[in-house]
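Quick note: numbers below take in every heavy atom, side chains included, and nothing from hydrogens, waters or symmetry partners. Counting begins at 1 with the first residue of the sequence.
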Amino acid sequence: ISLNNAQNNYNNTLVVYNASKEALEKNLDTAKLQYENALTTRDNTYTSTQKQLEIVQSQLDAVTKQKWNTSATSETSLQLANESLENAKLALENFNKNYDETFKSLDIKKSTLISNMRVAVDNSMATIDGSLNTIDNVLWVTQANKDGNDNYEIYLSAKNSTYKNDAEVIFAQANLAYTQLKSKYSQDLSYDALLLFYAELITLNNKMVTLHEKMIGALDNSITSTSFTETTLSGLKTSIKTYQWQVIGLKSTLVGLNNSLIDLENSIASTKVSLWTQKSSLEQGIKMAQATLSNTKNSLNTSLDSITSSENTTKIQLESTMESIKSSREAVDNAVKIANNQYIAAKANYESQLAGTKSQLDSASGQKNSLSQQYDNALIKAPFDGVITARNVEVGGWVSQATPAFSIANYKLKIVKCDISSDNVAYLSVGKQVKIDKNGKTSTWFISVLWASSDATSKMFKVEITFQDVLSTQDLVLGDY
């Protein structure tokens with residue numbers, strides 16, 4: 001009964017041990033997960049706060065750079081304002097020196113411009129003459145180039161005769177105007193006569209531009225034949241286009257010179273008035289330059305003050321952000337420490353409680369094993385199979401240690417009694433087997449009796465060895481070992 005109770009107690013303790021182990025493992029896993037989550041939160045917090053710090057730092061860097069740029073710009077602006085003031089002063093000084101030279105320079109410019117206009121007139125008249133002659137060779141408007149286009153007249157502007165008709169009309173007008181201008185032209189023209197002639201020449205040049213456009217249109221709408229080949233047509237186009245670009249270029253020159261003359265006349269007229277007011281203007285320019293310099297200084301100081309204020313604000317924001325980051329990181333660091341401590345505590349609790357439960361399990365197991373050993377010790381087991389020849393104890397009787405309970409006989413077994421020294425007895429135990437080989441025969445022996453104490457006189461331990469009748473008596477001889 002005690003053994004059964006011990007077995008049940010052991011089984012119950014084992015169930016408790018396994019349940020406790022499972023619960024403790026769950027608690028440990030939970031603590032571990034919380035610790036890992038705390039680590040993840042800490043890493044995320046460090047990453048996000050680092051980005052916040054970088055943003056604010058970049059803002060501060062931008063403001064600092066802006067301040068540096070403004071300072072650099074300020075130096076440049078102040079330098080320019082100072083230079084402007086110095087230039088205004090120098091302009092007034094130069095004005096006082098160059099009053100007479102101004103009119104002289106204008107007269108020289110006028111004379112040079114008139115000379116250039118005469119050259120432009122010569123070039124224009126020569127170009128217009130050559131162009132009209134070339135076009136007349138193609139169109140055959142005047143008698144001077146009669147029959148010059150007999151071979152291709154029917155193909156000229158055959159696709160659209162409008163261009164040719166318009167060109168002939170414009171040619172007649174331009175040729176008449178040219179003839180009239182040519183009769184008026186002379187290198188000795190007075191200034192006023194030259195201006196009138198120049199205006200008529202510009203008008204004629206415009207008409208020549210239109211004439212060339214019509215001629216190009218007429219040639220583009222012509223068809224070729226064996227008598228009016230593509231090479232001939234291309235040559236005519238090239239010739240007409242060459243004059244066209246010359247006329248256009250001369251138009252630009254004529255108009256430019258005319259505009260320059262008008263500008264120069266206006267300049268001469270206005271210079272006479274402006275020179276008297278220029279000094280006052282230059283003096284006013286000096287005052288404006290001085291005011292600009294003062295305003296530049298004030299504006300730059302205001303800008304620098306504003307940027308400095310922004311810089312200070314950003315620095316404060318950076319310090320606040322750093323404090324906030326420090327607080328956030330300390331919080332997550334503490335959370336990691338707490339989670340780690342909880343995890344360590346959970347491990348310690350796991351080991352401690354499991355060890356306690358294991359101790360109870362070991363105690364129950366030891367009690368079970370002890371009772372099982374007692375139970376085994378309470379059983380009387382024969383050292384070998386045989387027949388009980390005598391019963392030396394009774395139920396309920398008192399016996400002492402080493403008292404024989406029964407006598408057993410097995411006539412198939414042989415017993416050898418011997419003495420063993422204390423040096424060798426440690427290697428022996430009841431039931432230990434020994435194999436004996438003799439004359440090609442093998443017999444298994446076992447120790448059936450081993451005294452617990454030595455003989456008082458011989459100091460030897462009594463041993464009985466039992467063996468099957470495999471080896472006959474004749475196989476054993478005194479002195480065998």
Side chain to side chain contact (heavy atoms under 4.5 Å, CB included) partners of Ser303, counting only residues at least two apart: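 By the side chain to side chain contact (heavy atoms under 4.5 Å, CB included) rule, Ser303 matches Thr70, Ser299.
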Test item: [X] and [Y] side chains (from C-beta on) under 4.5 Å apart, heavy atoms:
X: Lys110; Y: Ile114; value: yes
X: Leu39; Y: Val336; value: yes
X: Leu156; Y: Leu139; value: yes
X: Glu93; Y: Leu90; value: yes
X: Ser77; Y: Leu300; value: yes
X: Asn18; Y: Glu22; value: no
X: Tyr243; Y: Leu211; value: no

Distance-only donor-acceptor check, side chains Thr162 and Asn160, under 3.5 Å: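 There is such a pair (donor and acceptor under 3.5 Å, judged by atom type) between the side chains of Thr162 and Asn160.
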Side-chain donor-acceptor contact under 3.5 Å, Asp61 with Gln57: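 A donor-acceptor contact under 3.5 Å links the two side chains.
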Please list, chain by chain and in numerical order, all residues satisfying side chain to side chain donor-acceptor pair (under 3.5 Å) with [X], sequence neighbours excluded.
X: Asp333; value: Tyr46
X: Thr13; value: none
X: Ser225; value: Tyr155, Ser227
X: Asp122; value: Tyr185, Gln187

Residue pair Ile447, Ser429: steps toward the side chain to side chain contact (heavy atoms under 4.5 Å, CB included) verdict: CA-CA 7 Å; Ile447 298 173; Ser429 62; over 6 Å; no
Pairwise salt bridge (charged side-chain N to carboxylate O under 4.0 Å, His left out) hits with a residue in [range], at least two apart:
range: residues 63-75; value: Lys67-Glu311
range: residues 222-246; value: Asp220-Lys237
range: residues 337-357; value: none
range: residues 32-56; value: none

Phe171: ring pair (Phe, Tyr, Trp, His ring centres under 6.0 Å) partners, not counting sequence neighbours: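 Once residues adjacent in sequence are excluded, Phe171 has no partner under the ring pair (Phe, Tyr, Trp, His ring centres under 6.0 Å) criterion.
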Under the ring pair (Phe, Tyr, Trp, His ring centres under 6.0 Å) test, residues paired with Tyr163 that sit two or more places apart: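 Residues passing ring pair (Phe, Tyr, Trp, His ring centres under 6.0 Å) with Tyr163: none at all.
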Exam field: side chain Ser260 to backbone Gly256, donor-acceptor pair closer than 3.5 Å: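 Pair found, side chain donor or acceptor close to backbone of Gly256.
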Looking at every heavy atom in both [X] and [Y], which two are closest together, and how far apart are they?
X: Val121; Y: Phe197; result: CG1-CE2, 3.4 Å
X: Leu78; Y: Leu293; result: O-CD1, 4.1 Å
X: Tyr198; Y: Thr253; result: OH-O, 4.0 Å
X: Ser222; Y: Ala218; result: OG-O, 2.8 Å

Taking only distance into account, with no hydrogens and no angle test, what donor-acceptor pairs under 3.5 Å do side-chain atoms of residues 123-131 form with protein atoms, sequence neighbours excluded?
from, atom 1, to, atom 2, distance (Å)
Asn123, ND2, Val119, O, 3.4
Ser124, OG, Ala120, O, 2.9
Thr127, OG1, Asn123, O, 2.8
Asp129, OD1, Tyr178, OH, 3.2
Ser131, OG, His212, NE2, 2.7

